Structure formats: C-alpha cells, structure tokens
Colleague: 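Have a look at the structure that comes next, please.
All figures in this text were calculated on a predicted structure; none of them were measured in a lab. Proteins come first, then strands; the chains are lettered A, B, ... in the order of their sequence lines, and each starts at number 1.
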Number of protein chains: 2
Amino acid sequence: MGITKTEIFTDQQNQVATFAKAFGHPARVAILQHLFKIKACICGDLVDEIGLAQPTISQHLKELKNLGLIKGSIEGTSICYCIHTENWAAMKAVVSEFLNQDLENKSNCC
Amino acid sequence: MGITKTEIFTDQQNQVATFAKAFGHPARVAILQHLFKIKACICGDLVDEIGLAQPTISQHLKELKNLGLIKGSIEGTSICYCIHTENWAAMKAVVSEFLNQDLENKSNCC
DNA sequence: TATTAATATTGCAATATTACGATAAATAGT
DNA sequence: ACTATTTATCGTAATATTGCAATATTAATA
C-alpha cells in the first residue's frame with residue numbers, strides 16, 4: 001500500500017529509518033556534504049552546485065530542516081543554511097549505534 | 001517524476017544514498033537487528049518476530065540480499081539468513097565517513 | 001509420487017517520492 | 001510604489017515503495 005506500518009516497530013527502529021531516509025537520496029547527501037565543506041553556510045548556490053531545479057532543492061532543504069539536521073537564517077533576500085550541529089550529533093549517535101552492532105557469536109550456518 | 005537523477009551525483013554520494021535507503025524502512029532495521037542479535041542465523045521466524053506478512057518480509061530480505069548486506073543458505077525447506085559481515089563492514093565504512101564529517105570552521109551566520 | 005512446510009514470485013492497490021513549471025511571498029534597491 | 005532577486009509553495013506528472021492475497025517453487029518426508 002505504500003504506507004509503512006510504523007506502529008509495529010520500536011521508536012528506535014523508526015528513528016533510524018527516518019534519519020536514514022534523509023540520506024536515502026543523493027541530492028540530500030550532496031547538500032549536507034556541501035554544507036559541511038563550505039565553512040560559511042550557503043544559501044541557494046546549492047541550486048548551481050547540484051544540478052537540480054530550484055523548487056526541487058528547496059523541497060530537499062525543507063525535508064532536512066523538518067528533521068532538524070539543518071537550520072536556515074534570513075540574510076537579506078537570500079537564506080543561509082547550515083548544519084544543525086547538536087542535532088547532527090544526536091542523529092549520529094542513533095544511527096551509529098545501529099551501524100556498530102556486533103555479532104555476539106560467529107554464525108553457525110551461512 | 002519519482003525518478004532520482006543519479007547521473008549528476010558522485011559514486012560516493014550514490015553509494016551512501018543506496019545504503020541509507022536500505023535502512024530507510026523500520027522493517028529492514030528490525031530484520032538486521034534481529035540477525036545481529038540471534039547468534040545463529042535465522043530463517044523465517046522473522047515473519048513471526050516482525051509483524052508483517054510473509055511475502056512482505058521476503059521482499060525486504062531480497063532487497064537486503066541484493067545489496068549484499070545479508071546472505072542466505074538453504075537449510076532443508078527453510079532458508080537461513082545472516083549478516084554478510086565483510087560487506088557490512090564495507091558499508092559501515094562508507095556511511096560512517098559521511099556521518100563523521102566535521103565542520104572545518106564554525107559557521108558564521110546561523 | 002503425493003503431501004506438507006517454507007520461501008519466493010506475481011499481480012495489484014494504495015501511498016510516497018522525485019522533479020519541475022508556474023506562481024506566490026519576501027526583501028532590497030531604485 | 002516599482003522592479004529585480006531570492007526562496008517557498010502549489011499543482012501535477014512520472015516513478016517508486018509498501019503491503020498483501022494468491023500462487024508458484026523447492027525440498028523433505030510419508
């Protein structure tokens with residue numbers, strides 16, 4: 001049905017999935033990488049930097065902002081986006097815990 | 001258009017996105033966690049463990065297998081799935097590099 | 001070989017995502 | 001106030017994803 005049954009999963013599982021979904025598109029990966037690289041936060045040269053139309057970039061930015069991973073502040077007519085470092089760290093903690101799981105014992109079949 | 005323009009991104013960006021998409025659904029997060037937890041690899045009790053229909057679980061397993069994150073071996077009539085540890089480590093390296101980016105300088109606006 | 005058990009595949013309906021043109025909203029400068 | 005610039009929103013088309021019932025496949029066992 002295209003709808004995810006979030007009710008049957010734990011909060012932690014849903015959180016990992018939600019954050020991971022944010023990185024599940026190369027445009028958002030590219031946006032975040034650019035914001036990390038450019039020390040000063042960047043506004044809409046993202047549209048030039050990445051090869052997508054302005055409304056598309058704006059939409060991706062909105063998703064990242066809704067998740068709290070970036071924040072934007074008005075600079076005249078343009079808007080300055082940057083990484084929300086505290087929230088990024090929090091997200092990283094959740095996702096890293098998932099990624100860094102270890103096999104307790106060696107598996108006995110595969 | 002629902003179609004992602006992968007051509008305009010780097011291989012690394014597409015890789016991060018592809019792996020992240022695998023974790024972008026709580027069912028797949030749950031499946032992977034269960035495979036990590038249960039030392040011996042598990043077959044189709046995943047259907048009982050997680051509350052989704054058998055075809056749905058089978059589909060999620062297929063995606064994870066296609067990405068190389070899990071592997072399955074036939075055990076009689078059932079199939080034994082487990083984490084593909086080498087590939088998991090490789091994935092972790094790619095995703096971690098993305099997550100662990102650091103801001104070079106403090107941002108000057110937000 | 002017929003039956004049973006476990007998993008995979010097919011087909012389909014519902015919803016989500018991606019992308020962009022057109023347009024609106026906000027602000028700066030004239 | 002008018003214009004230009006920048007970003008957001010709306011509307012819509014195309015594609016992707018999720019989920020499951022029905023069915024097929026595979027392997028063990030009677």
Side-chain angles (χ1 to χ4, degrees), chain A residues 1-9 13-14 17-31 34-35 41-67 70-82 109-110, chain B residues 1-9 13-14 17-31 34-35 41-67 70-82 109-110:
Chain A
M1 312 181 167
I3 193 169
T4 297
K5 288 191 166 179
T6 51
E7 332 85 58
I8 66 174
F9 302 104
Q13 287 163 344
N14 283 317
T18 302
F19 284 133
K21 214 184 284 187
F23 312 139
H25 194 288
R28 290 190 291 268
V29 171
I31 287 173
H34 195 70
L35 290 181
C41 42
I42 230 50
C43 354
D45 351 56
L46 286 164
V47 175
D48 304 325
E49 189 68 25
I50 302 167
L52 293 171
Q54 179 266 323
T56 309
I57 297 292
S58 190
Q59 196 173 301
H60 284 305
L61 286 169
K62 189 180 177 185
E63 284 178 59
L64 292 172
K65 200 168 64 177
N66 286 344
L67 262 178
I70 63 175
K71 51 186 171 178
S73 60
I74 301 172
E75 293 282 304
T77 70
S78 49
I79 293 186
C80 189
Y81 281 106
C82 63
C109 51
C110 311
Chain B
M1 311 182 169
I3 191 170
T4 296
K5 289 191 164 179
T6 52
E7 332 84 59
I8 66 174
F9 302 103
Q13 288 164 342
N14 283 316
T18 303
F19 285 133
K21 214 183 286 186
F23 312 139
H25 195 288
R28 290 190 291 269
V29 171
I31 288 173
H34 195 69
L35 291 181
C41 41
I42 228 54
C43 353
D45 351 54
L46 285 166
V47 176
D48 304 325
E49 190 68 25
I50 303 168
L52 293 171
Q54 178 266 323
T56 309
I57 296 293
S58 190
Q59 197 175 301
H60 285 305
L61 286 169
K62 188 181 178 184
E63 283 178 59
L64 292 172
K65 201 168 65 178
N66 285 345
L67 263 179
I70 63 174
K71 52 186 171 177
S73 59
I74 301 171
E75 294 279 307
T77 70
S78 49
I79 293 186
C80 189
Y81 280 106
C82 63
C109 50
C110 311

Colleague: Check whether any side-chain nitrogen or oxygen of Lys5(B) sits under 4.0 Å from OP1 or OP2 of dC20(C), and answer yes or no.
Modeller: yes

Colleague: Report the C-alpha separation of Val29(A) and Phe9(B) in whole Å, then their side-chain angles, then the decisive distance to 0.1 Å, and conclude whether the side-chain contact (heavy atoms from CB on, under 4.5 Å) test is met.
Modeller: CA-CA 9 Å; Val29(A) 171; Phe9(B) 302 103; over 6 Å; no

Colleague: Rounded to the nearest 0.5 Å, how far does OG1 of Thr56(A) lie from CG of Leu61(A)?
Modeller: 11.0 Å

Colleague: Separation of Leu52(A) atom CG from dT7(D) atom P, in whole Å?
Modeller: 15 Å

Colleague: Give, for atom CD1 of Ile70(A) and atom CZ of Arg28(A), the distance between the pair rounded to the nearest 0.5 Å.
Modeller: 11.0 Å

Colleague: For Leu64(A) and dA8(D), give me the distance from atom CG to atom C1', rounded to whole Å.
Modeller: 15 Å

Colleague: Determine: side-chain N/O of Tyr81(A) to OP1/OP2 of dT6(D), distance under 4.0 Å, yes or no.
Modeller: no

Colleague: For dT17(D), take OP1 and OP2 only and decide whether either is under 4.0 Å from a side-chain N or O of Lys21(A).
Modeller: no

Colleague: Is the ring pair His25(A)/His60(A) parallel, tilted or perpendicular, if the boundaries are 30 and 60 degrees?
Modeller: tilted

Colleague: For the pair made of CD in Glu7(B) and C1' in dA19(C), what is the distance, rounded to whole Å?
Modeller: 12 Å

Colleague: Rounded to the nearest Å, what distance is computed from the CD1 atom of residue Ile3(A) to the C1' atom of nucleotide dT17(C)?
Modeller: 14 Å

Colleague: For His25(A) and for Gly76(A), locate the closest nucleotide of DNA chain C by heavy-atom distance; then report the residue assigned to the nucleotide nearer the 5' terminus.
Modeller: His25(A)

Colleague: Could you tell me whether Ile74(A) atom CD1 has more than 12 heavy atoms of other residues or ligands within 6.0 Å of it?
Modeller: no

Colleague: In terms of the nearest nucleotide of DNA chain C, which residue is placed more toward the 5' end: Ile79(B) or Gly51(A)?
Modeller: Ile79(B)

Colleague: Find the distance Ile70(A):CD1 to dA8(D):C1' and express it as a whole number of Å.
Modeller: 13 Å

Colleague: dA6(C) P sits how many Å from Asp45(B) CG, rounded?
Modeller: 10 Å

Colleague: State, to 0.1 Å, how close Tyr81(B) and Leu35(B) come at their nearest heavy-atom pair, and which atoms those are.
Modeller: O-CD2, 3.5 Å

Colleague: May I have the distance from Ile74(B) (atom CD1) to dA28(D) (atom P), rounded to whole angstrom?
Modeller: 9 Å

Colleague: Whole angstrom is fine here: how far is it from CG in Asn66(B) over to P in dT17(D)?
Modeller: 12 Å

Colleague: Could you check Lys71(A) against Ser73(A) for side-chain contact (heavy atoms from CB on, under 4.5 Å), going step by step and ending with a plain yes or no?
Modeller: CA-CA 7 Å; Lys71(A) 51 186 171 178; Ser73(A) 60; over 6 Å; no

Colleague: Among residues 53-63 of chain B, which ones have heavy-atom contacts with DNA chain C below 4.0 Å?
Modeller: Gln54(B), Pro55(B), Ser58(B), Lys62(B)

